[in-house]
Each structure stands twice: as structure tokens, then as C-alpha cells.
Engineer: 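Would you mind keeping the following structure in view while I ask a few things?
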Amino acid sequence: MSIVDGTSPEDMVKAPHVDPRPGDPEITPELVADHGLSPEEYERVLGILGRTPTFTELGIFSAMWSEHCGYKNSKRLLRLLPTEAPWVIQGPGENAGVIDIGEGYALAFKIESHNHPSAVEPYQGAATGVGGILRDIFTMGARPIAVLDSLRFGRLDSGRVRYLFSGVVKGIGDYGNCMGIPNIGGEVSFDEGYEGNPIVNAMCLGLMKREELITASASGDGNSLMAVGARTGRDGIHGATFASEELSADSDESSRPQVQVGDPFTEKLLLEASLELIASGAISGIQDMGAAGITSSASEMAGRGGSGVEIDMARVPVREPGMTPYEILLSESQERMLVVAEPGREGDVRRILEKWELEAEVIGHVTSDGRFRVMEGDRVVADIPALPLTEGCPTYEREGVEGEEVQRLRAMDLSGYMDLDDPAATFLKVLGSPNVASKRWIYHQYDTTVRSSTAVRPGSDAGVVRIRGTRKAVAATTDCNGRFGYLEPRAGAEIAMAEAARNLVCSGAIPTAITNNLNFGNPLKPHIYHQLREAVLGMADACRIFETPVTGGNVSLFNETDGVAIYPTPVVGMVGVVEDVDHITTQAFRETGDAVILLGRNTDELGGSEYLYAVHDLVAGAPPAVDLLAERHLQNAVLAMIREGIVRSAHDCSEGGLACALAECALGNGETVLGVDVTLTDDLPLAALLFGEAQGRIVLSCAPEHADRVAAIADEHGVPVARIGTVGAPAGTFRITTPKGIVDVTPDVLSKTYFEAIPRIMDAPATGDA
Amino acid sequence: MSQYHLEIRVKPRPGLLDPQGKAIHHALNSLGWDGVHDVRVGKAMYIDLDAASEDEARNTAEAMCRKLLANPVTEDFEVTVVGVAEGATS
Amino acid sequence: MSQYHLEIRVKPRPGLLDPQGKAIHHALNSLGWDGVHDVRVGKAMYIDLDAASEDEARNTAEAMCRKLLANPVTEDFEVTVVGVAEGATS
Amino acid sequence: MKVAVITFPGSNCDYDLYKAIQMVDGEASFVWHRDRGLRGYDAVMLPGGFSYGDYLRPGAIARMSPVMEEVMDFAAKGGPVLGICNGFQILCEAGLLPGALMPNRSLKFQSKDVFVRVERADTLFTADYDAGAVLRIPIAHHDGNFEADQETLRRLEDDGRVVFRYVDRSGEPTDESNPNGSWHNIAGIVNDGGNVLGMMPHPERAMEPILGSTDGRGLFTSILRSLTPA
Ligand SMILES: Nc1ncnc2c1ncn2[C@@H]1O[C@H](COP(=O)(O)OP(=O)(O)O)[C@@H](O)[C@H]1O
Ligand SMILES: [Mg+2]
């Protein structure tokens with residue numbers, strides 16, 4: 001292990017003496033350890049301060065140098081990701097990334113995890129996750145226009161898992177619905193790889209005029225810092241830092257809840273107030289008080305602005321009496337913001353907040369001395385140089401070694417799983433697996449149409465939102481297959497990228513940029529660090545080839561229970577631009593008699609497939625090979641076809657393979673199920689042909705007279721193309737004929753299998769298991 | 001066996017934000033009731049239950065609260081036996 | 001003036017639909033509590049209120065219920081004074 | 001036609017409604033719940049959303065807003081008032097419409113397209129539809145389960161005040177096509193005077209082909225025509 005960056009302690013101005021606050025505990029090695037700081041890190045704190053920290057200062061360092069704020073174990077790797085392109089207005093480092101989408105508009109977007117809070121309290125954990133990501137977007141000056149959610153749980157046969165799943169979905173729904181932001185998509189998977197640690201990632205997109213962009217920095221000596229929105233309570237102060245009870249005399253365990261409760265109503269007011277504040281010109285900076293609350297928002301604003309701040313804890317509006325500076329600084333109460341008022345505009349800020357029935361209080365001011373100074377009335381309780389606090393967190397490069405178990409699983413011989421006795425029965429088993437089956441049990445709980453701009457709702461490859469007053473639309477998707485990531489992390493990340501891009505082009509959008517959420521286990525273990533590094537490398541390569549730079553993201557590490565880590569899960573949130581709303585395409589077949597065309601090539605790959613998992617309870621084999629250049633050609637070909645107006649439907653072929661992709665095309669939203677008559681001639685093992693998850697494939701349909709033109713465009717781009725069948729009549733049979741067997745299913749059975757799989761499990765009588 | 005009538009009150013844990021209580025508090029104040037200082041909102045549940053004794057009825061209800069009716073992370077609960085109909089098992 | 005602590009219970013009218021009560025009843029039965037015969041779900045509200053007397057506190061709370069806290073179409077209410085802190089007007 | 005779109009803290013379909021009115025060439029303005037002055041408006045609309053977070057009961061707190069007194073006056077004088085979703089809930093809480101909107105029988109938020117049948121084409125809100133027409137309109141609500149006492153329900157049916165009913169694609173009011181458990185599949189009702197309409201589905205989200213349906217337009221064109229002297 002080596003410390004690789006951070007300002008060297010010698011360069012720093014030492015901090016002035018600060019007396020301990022009466023009642024504060026003594027700083028002992030145990031207390032330091034309780035705050036999650038290693039002995040080396042504590043040495044560095046001593047170097048920066050030139051003295052022992054006060055209790056309050058220890059809390060501040062602990063929060064800022066946590067994995068969450070400090071990116072200790074990932075910063076080095078994140079630098080490998082490409083972040084630039086001519087259309088990137090704001091790359092990583094702000095509350096959200098921003099890209100130019102033309103006609104004077106900019107799109108802000110970001111993804112964020114709330115894994116741990118959701119494991120403790122699924123409803124509130126997920127709800128406050130959505131609340132947080134929304135604030136990240138509107139603090140950029142953008143109005144949120146869509147959310148997506150990427151979820152992972154253990155197997156649905158456990159009562160605990162069903163409790164988590166239903167709580168998370170309700171939490172996401174209640175928050176977004178109340179805010180009036182449509183949900184346009186997401187993903188969910190169920191696999192014991194997530195048994196102890198659900199993954200809850202939420203993504204938000206926001207729209208603004210280019211000139212409305214505002215950043216989260218504090219500058220202008222003497223400018224007021226104001227806390228706006230909800231009051232500060234004792235919620236969410238980090239559990240780990242409170243191992244010993246005598247830490248604070250004023251509060252006992254029960255009054256310091258470990259969960260935060262979301263208040264979407266207050267957030268809706270805060271959204272309107274913030275956008276009005278930004279438009280009024282009364283503020284020069286605004287930042288969400290998210291993780292580590294006032295501490296991180298104030299110190300980061302100072303850090304970015306190259307200035308200092310002085311804030312007074314006695315002036316922070318609190319929900320409960322007797323809160324200590326330590327508690328106020330570290331509280332993670334929701335729906336709060338920190339703003340920097342322009343000189344003399346404090347009154348305007350108050351008036352706008354008052355209109356929205358919210359509070360605004362001056363709690364300090366910007367300084368020019370580069371310090372993060374915290375007062376409690378006249379008493380100084382913390383005085384730390386801001387830059388070393390925000391940027392000086394030691395970052396580590398660790399050793400990564402691939403685990404042996406995975407090598408064994410990847411090399412497993414799968415030839416025994418290639419044949420099928422009863423192809424139709426196996427097909428229904430795969431189609432009815434909760435991982436493949438319709439997710440409408442989820443998204444029928446989400447408002448998908450509010451704002452009256454949703455052109456494609458959840459249930460197709462990507463969600464699409466039109467931009468009023470233009471011909472344009474934006475599309476978004478989240479993707480990641482954790483099993484592939486587990487079996488081979490680099491391929492897993494590349495496949496996540498490739499699938500996301502395919503989902504966008506199938507919807508008629510040009511892939512433009514990504515945000516990502518790196519969900520992993522404990523990086524101090526060499527095999528996990530290996531996964532993390534490999535995934536980042538794979539993602540970086542794909543970003544380059546697809547020209548989709550990373551504009552931001554989130555890292556969630558230590559997702560482990562009893563030493564067992566989740567599958568490496570690098571979730572890709574990709575956004576794309578639809579140049580003309582006429583290009584918007586969905587996955588459902590539309591006309592009887594249309595030609596069904598397969599782009600890309602079938603293979604005999606079965607590794608990591610849903611078939612192996614759902615039918616043989618096996619997670620093994622090598623993930624399918626992914627050729628990033630070929631993927632790029634495929635993307636270009638599909639977009640060219642769509643631009644010519646000859647594509648009636650397009651669908652990415654992923655989990656469940658070609659057979660399930662065809663079923664999804666036939667089923668659409670379930671209202672009119674069209675028949676399918678497809679003949680596959682490939683000389684491949686039946687299981688691989690039907691359910692293999694070979695990359696680079698898209699199923700599309702077009703009028704028969706356009707089939708030749710589709711083939712010609714595919715040829716021009718060097719993309720394999722085959723006309724494999726015909727769209728049948730409404731309520732026609734679903735039939736796939738192959739050299740080794742036939743799948744023949746009635747539309748009724750197809751529909752029930754697909755649409756009722758999750759409701760059958762979830763709407764059975766409750767088995768409460770809180 | 002008798003049929004017991006129970007009242008169960010489930011209440012947000014102290015210290016936790018209660019957005020609903022906050023909104024109602026605000027509404028009462030703006031309707032002119034400015035003597036209101038605090039509002040917390042929970043659930044009241046009324047359950048009819050067969051049990052051999054009052055103690056058993058109460059214990060059963062408490063078990064229900066732990067398992068289903070209250071969220072142990074965010075809520076506290078209280079059980080009151082409010083009535084009994086002897087021998088009435090419908 | 002004293003500060004009264006009140007508990008207000010708002011309850012669905014008998015005979016009216018109570019989808020939540022029905023769902024909980026069902027869930028309790030399927031968890032094995034088959035001695036449960038009826039479940040109704042309402043709200044419990046806890047209010048701190050300044051008043052000159054217990055009667056005044058109760059009357060005020062009842063007025064709040066009529067005006068805002070209970071829906072006259074679907075709900076009944078009950079007010080209980082559960083505590084008082086003399087002279088405490090914060 | 002000048003239409004006031006009333007906004008409450010937590011309204012979130014206000015802008016959609018505003019745009020829908022403009023799409024049929026109406027003139028829309030927002031009126032904030034604390035403001036007064038509905039004079040000069042030809043119609044009043046209460047948008048969907050979560051006024052006051054739906055805390056306590058949907059619509060209960062919004063109903064106390066200063067502007068609601070004026071809405072009551074406006075309605076009493078026969079002015080057309082339309083409440084959509086949360087707007088419907090507010091109208092019921094305010095007593096401008098009978099009954100109450102209880103939690104959906106699934107106890108879940110329901111968001112999807114539904115079919116509703118136009119039961120009355122002779123109201124000022126529905127004149128541009130044919131009676132019996134089946135419309136495709138999105139719903140998005142948690143509390144849309146219409147309920148009232150037996151006497152009220154009987155009168156609503158007898159007086160023909162049910163304007164929209166949930167049906168299947170072919171126009172039949174079935175149990176499966178009822179998304180929330182509403183009594184008699186009620187999706188929208190009018191008051192005695194026929195000038196106050198409340199409905200759970202969102203016609204303002206069914207105005208353009210790109211949104212999947214234009215079936216909501218008729219509602220807005222009907223209101224507009226009723227206000228424009230022939
Ligand atoms: N958690 C979720 N929230 C919202 N929509 C979801 C969720 N999970 C899945 N969906 C939607 O269901 C559809 C199918 O999901 P998925 O099988 O992941 O599709 P694909 O393989 O094309 O990415 C997509 O439209 C997706 O957006
Ligand atoms: Mg997917």
C-alpha cells in the first residue's frame with residue numbers, strides 16, 4: 001500500500017490553537033479509530049493542524065476523509081476515465097455533470113447510490129436517495145425532468161428480500177411522484193449475489209438553458225452563507241463515529257436516529273425556491289447539504305472557490321434544542337441547502353424562500369484566509385485549512401489480485417448445459433424469471449407521465465423525454481449485469497457500456513455521455529480491488545470508443561455482509577440525444593407482416609447467462625466476448641436506418657437471449673400481442689441459440705419492402721444482418737423454429753408468463769418481515 | 001376464548017423528522033391556532049382478536065407489532081386492551 | 001395558561017371502506033394469527049397545545065378535528081387529554 | 001377564454017395544465033393559493049400534484065387556502081371549475097363535490113393508461129365528445145378510490161352526475177378495468193349545478209400524439225366552446 005497524493009504536510013500553514021469545548025471527550029487513539037481514521041491518516045491530520053484536533057475537528061476530518069466524501073480508494077482509478085468532449089460543459093467534480101444538447105439547452109445528469117440506508121430502512125433509504133440526487137440536479141440550475149432507478153436484491157423467494165424490494169420501490173415512487181418528476185426507466189435484478197446488500201442507485205436528468213448553469217463554489221470575501229430549507233436535526237449522524245456513548249452529554253441513543261426521513265413536499269418547495277433564487281441573481285453559489293451535511297457543503301464550496309468560510313453553529317436553525325456543534329456539523333437531515341448570497345441580497349433570498357414557505361438564515365460568511373472556521377457564538381470550535389481538508393485526503397493505490405474461485409468458475413465446462421429436452425418449457429422458465437419478466441409491477445407505482453413530456457415510458461429499451469419547443473428529445477438508460485462483472489470485471493463493465501449504448505440507439509438516440517455508479521465490496525481485499533480496477537479500465541476503453549465521456553458518478557464500496565461482497569456492479573447511466581422526435585423508436589413490433597431482422601451474430605456463448613441461473617442455478621462460464629469497435633459500427637448502422645425512417649421497432653438483445661428479446665418485441669406493453677414466426681438456421685447448440693447472451697445483437701422490424709435497404713445499410717457498416725422471420729397477426733402464435741427444435745407458445749401463455757411473474761410473487765398475501 | 005378489542009398506537013420515534021406532523025402543525029398555526037407547539041402523527045389500529053386472557057391478547061398484539069404493524073427502525077408502539085366480549089368467537 | 005398534551009384518534013366510519021385495515025387483516029391471518037376478526041386503521045395524532053383549562057384544550061382540539069383533522073364524510077374522532085405541564089408555554 | 005390555474009404548494013401538474021389550455025387557444029394564468037382575485041376569469045382549474053405533500057389527507061390542507069373561498073364563490077355563481085386528480089381531491093374536501101377519495105384498493109400508487117367512457121356528453125366539459133366514447137387517458141394517483149354514503153351514491157347515479165367511468169378497451173365497466181376500487185368504476189363526477197367537475201385521470205397528459213393519446217383535448221375544447229358566445 002502506498003499513499004500516492006495529497007498535499008504534503010510541510011507546505012501547510014499550521015492551524016491556530018483552539019481550546020477544547022467544555023464537555024468534549026478527550027482525543028484518544030480509540031476515539032480516532034472510532035472515527036474511521038487510520039494511524040497514518042491521523043498523523044496527517046496532526047501535520048495539517050500542527051496540534052491535536054478538537055473533538056469537533058476530529059468529526060470533520062472523519063467525515064471529509066471517509067470513503068464517501070474522500071474517495072480514498074477510488075480516486076486514483078477514477079482518473080483513468082475519459083471526461084472530455086466538445087459537448088461537455090461540466091465534467092466530474094460538481095454536483096452533477098452537464099452537457100450541451102444544442103439549441104441553447106444543456107442537460108445535467110448524475111447517478112447516486114443509497115445502498116446502505118436502504119438496507120437499514122428500505123422505504124426511507126430509497127426515498128432519501130431520490131431526494132439527494134434531485135438536489136444534485138437542481139443545484140446546478142437545471143429543472144429535473146426524469147429519474148431512473150437501478151436496483152439489485154437477493155432472490156425473491158425470501159420474505160426479507162420482498163420486504164426490501166417493496167419498500168424500496170415504494171420509497172422511490174413516493175418521493176419522485178410527490179416531486180412530479182417522471183420515472184422513465186431503470187433496471188432490477190434478483191440474485192443471491194445481493195442477498196445481504198441491496199443496491200439502490202437513482203439517476204436524475206435536468207434541463208436548463210446553457211446560461212442558467214450555476215456552480216457550487218463560495219467566493220467573494222464577506223458574502224453571506226445562508227442555510228435554506230429544512231431545519232437541522234439529529235438524524236443520520238454517522239453511527240460508526242458514535243461507538244462510545246459519553247461522546248455527547250446532550251443526546252442519548254434513542255434521540256439520535258440512524259435513519260433520515262425524507263420530506264418530498266419540502267423538497268418540492270426547495271426545488272421551486274432554488275430555481276427562483278438562481279434566476280433572481282441573488283446568489284452566486286448553491287450546494288446541497290448531502291452526505292456529511294454542513295461540513296462537506298461548506299468546506300467544499302470554500303475549496304472550490306479557493307476561499308475560506310466562517311460559520312456559526314449557534315445560527316443554524318435546528319429542529320431540537322441542545323444540539324452540539326459536532327452534531328450540527330455532521331447531521332444529514334434532508335432537504336437543506338447552503339447558498340452564497342450576493343452582497344446585500346440576503347433580504348431577497350429570504351423573500352423568495354418565504355414565498356415558498358421555507359426558512360433562510362445567515363449562518364456565516366466567505367473569508368479570504370482559506371480556512372474552514374466553525375464558531376459557536378464567540379467560541380472557535382474548529383479552525384482548519386480548507387484545501388487540505390477537502391483535497392488532502394490521502395488516496396491509496398492498492399494491490400489487486402484476481403480471486404481463485406472466480407477463475408475456476410469462469411473456466412467451467414458448460415457443454416453439459418447446451419441441449420434442451422423441452423425447449424418451450426425452458427423458454428417459459430427463462431422468460432418468467434423475475435430477472436427477465438416484465439417490470440411493470442415496479443413502474444406502475446411510478447408516475448411516468450407527469451410533466452407531459454414522456455415520449456417513451458419504462459417498458460422499452462430506454463426512456464425518452466421530448467424537449468418542448470424543439471424537435472429534440474433526450475433518452476436515458478441504466479445498465480449493468482453483475483454476473484458478468486463477477487465472472488470477469490473488465491468484460492462486465494464493457495458489456496454494461498455496450499448494452500447501454502444499444503438501448504439508446506434502439507430508441508433513436510445518439511449516445512452522448514455517461515454517469516456511473518461503482519458498487520463494490522471492500523477494496524482493502526486484493527480480489528475486490530482487482531474487480532474495481534478492471535471494471536474502471538473496461539469502462540474507460542468503452543467510453544473512448546463510444547465517445548461517451550464520464551461527467552460524474554458515485555462510488556459505493558464496502559457492500560459486504562459477513563465477509564461476502566456483492567457482485568462487482570459498475571452501473572452505467574447513459575444519456576443520448578434524439579435529433580428529431582420522428583426518430584423515436586420503441587421495442588414493440590407494430591405491423592403484421594413486417595420483416596423481423598437480426599443485426600449481429602449468434603454464438604455458442606452461454607457463460608453468465610440468465611438461462612444458466614434460472615434453469616440450472618449456476619453462475620459460471622466466461623461472459624460473452626464484447627468487441628467494442630463492432631458495437632460502434634452496430635450503433636452507427638441502427639442510427640442510420642432509423643434516420644431513414646425505415647425502422648418500425650428496434651430492441652437490444654440481452655438477458656434471456658434472442659428468444660426472450662423476440663418475446664418482448666411481440667408482447668409490447670401487453671395490450672396487443674402480435675404473433676412471431678422466426679426461423680433460425682445457425683448450427684449452434686439449442687440453449688446457446690435461444691438463450692445465449694452474445695453481444696452486439698439487435699432485433700428490428702421493418703416493412704417488408706424496406707428489408708433490402710436495411711440489409712444494405714448493415715453491409716455498409718460491416719454489421720452481420722439476417723432476415724429471420726415475420727411479425728404475425730394480433731394474438732397469433734409465438735414460434736421460433738431451429739434446426740434442433742421448436743418453441744411454440746400461445747400468446748396467452750406468453751403474456752401471462754411475462755407479465756404475471758413478479759405480481760404473482762409480490763402480491764401474494766404479505767409475509768411481513770420488517 | 002374471549003374476543004378482545006385492542007387499540008394499537010404506532011408513533012414515529014422521537015428525534016425522527018415527522019413531515020406530516022410538521023405540515024399539520026403549520027396548517028393549524030395558519031388557521032389561527034397559534035397555541036399549538038408540536039404535532040406528531042402516527043397510526044391508530046383497532047383489532048378484534050380471540051385470546052384466552054387479557055395478557056395473551058396483549059402479548060399477541062405486541063408480537064404483531066414487532067412483526068408487521070410497526071417499523072422497528074422508525075416507530076414505537078403501544079397496545080391497550082379496550083374491551084372484551086366473553087366467549088364471543090365469531 | 002398550561003401546555004396540554006393531547007391524543008387525537010381519527011378512525012374510519014363504521015361501514016365505510018377501509019382498504020388498509022382489510023390488507024392488514026389479511027396479512028395477519030396469513031402470518032398465522034387466525035384469531036383476528038377485524039382490523040380498522042386510523043390515525044393517532046399527538047398535539048401540544050396551550051390552554052387555560054383541560055376543557056378548553058379539549059374543546060380546541062375538537063374544533064381542530066371538525067375543521068381539519070378529520071374528514072366528516074369518512075371519519076370519526078376522539079380526543080383524550082394525556083398530560084399537562086403547568087405554566088409551560090414555550 | 002381566461003383560465004385561472006390555481007397552484008398550491010406541492011402542485012406539480014400546474015404547468016402541464018397551463019400548456020394544455022394554451023394548446024386549445026385558451027389564455028391561462030397561474031393563481032398562487034395565497035392570492036386573491038378570480039374576477040375576470042372565465043374558468044378555474046385545480047391541477048394535480050401533491051398539495052401539502054398529501055399529508056393528513058390528500059387535499060385536506062390545500063382546501064383551507066385563502067383562494068379556496070373565492071373558488072367556492074366562483075362555483076356558487078355557476079362558473080366552471082375543473083379539478084384533476086389532486087384537484088378532484090381538493091374539491092371533495094372543500095365540499096364542492098360529494099364523497100371522498102380513499103386509498104386505492106391495491107394500496108399502491110397506480111400509474112398507467114386507463115380507458116374511461118364518457119357517460120354524459122351534455123355537460124359543458126364534455127360537449128365535444130360523443131356519449132359512450134371511450135377515451136385513453138393516463139392516471140397517476142394513490143388515492144382515487146371514490147367513496148360516499150349510500151344515499152349520495154344513489155343520487156349521483158340517479159341524477160346522472162357520473163361523467164366518466166373506468167371501462168375496458170371495448171367500453172365495459174369491468175372490475176379489472178377499475179384501477180383503484182372506485183364505487184361503480186367512477187372516474188369523474190359533476191356537482192348538482194353541472195359546473196364543477198372532478199376527475200382522477202389526467203386529460204392534460206393526453207393532448208399530443210407524441211404522448212400516446214390526444215383523447216384529453218375534447219375536455220378543453222368543450223370548456224372553451226361553452227365560454228365562447230356562439
Ligand atoms: N427499477 C425500475 N424502474 C423503472 N423501470 C424499470 C425498472 N426496472 C426495469 N424497468 C424497465 O423495464 C424495462 C425492461 O427492463 P430490462 O429488462 O432491464 O430492459 P433492457 O434489458 O432492455 O435494459 C425497461 O424499460 C426498464 O426501463
Ligand atoms: Mg437491462
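Just so you know, these numbers use all the heavy atoms, side chains as well, and skip hydrogens, waters and symmetry mates.
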Engineer: Would you give the length of the straight line joining atom NZ of B/K67 to atom CG of C/L28, rounded to the nearest 0.5 angstrom?
Structural biologist: 11.0 Å
Engineer: Is it the side chain or the backbone of B/L6 that comes within 4.5 Å of chain C heavy atoms, both, or neither?
Structural biologist: neither
Engineer: On a heavy-atom basis, which atom in C/A44 and which in B/R9 lie closest, and how many Å separate them?
Structural biologist: CB-CG, 4.4 Å
Engineer: Which residue in the set C/I24, C/V39, C/V36, C/L31 passes side chain to side chain contact (heavy atoms under 4.5 Å, CB included) when paired with B/M64?
Structural biologist: C/V36
Engineer: Please state whether the side chain, the backbone, both or neither of C/A63 comes within less than 4.5 Å of a heavy atom of chain B.
Structural biologist: both
Engineer: Of the backbone (N, CA, C, O) and the side chain (C-beta and beyond), which part of C/I8 lies under 4.5 Å from a heavy atom of chain B, both, or neither?
Structural biologist: neither
Engineer: Supply the atom-to-atom distance C/Q20 CD to B/M45 CE, rounded to the nearest 0.5 angstrom.
Structural biologist: 8.0 Å
Engineer: Which region of C/I47, side chain (C-beta onward) or backbone (N, CA, C, O), has a non-hydrogen atom less than 4.5 Å from a non-hydrogen atom of chain B, or is it both or neither?
Structural biologist: both
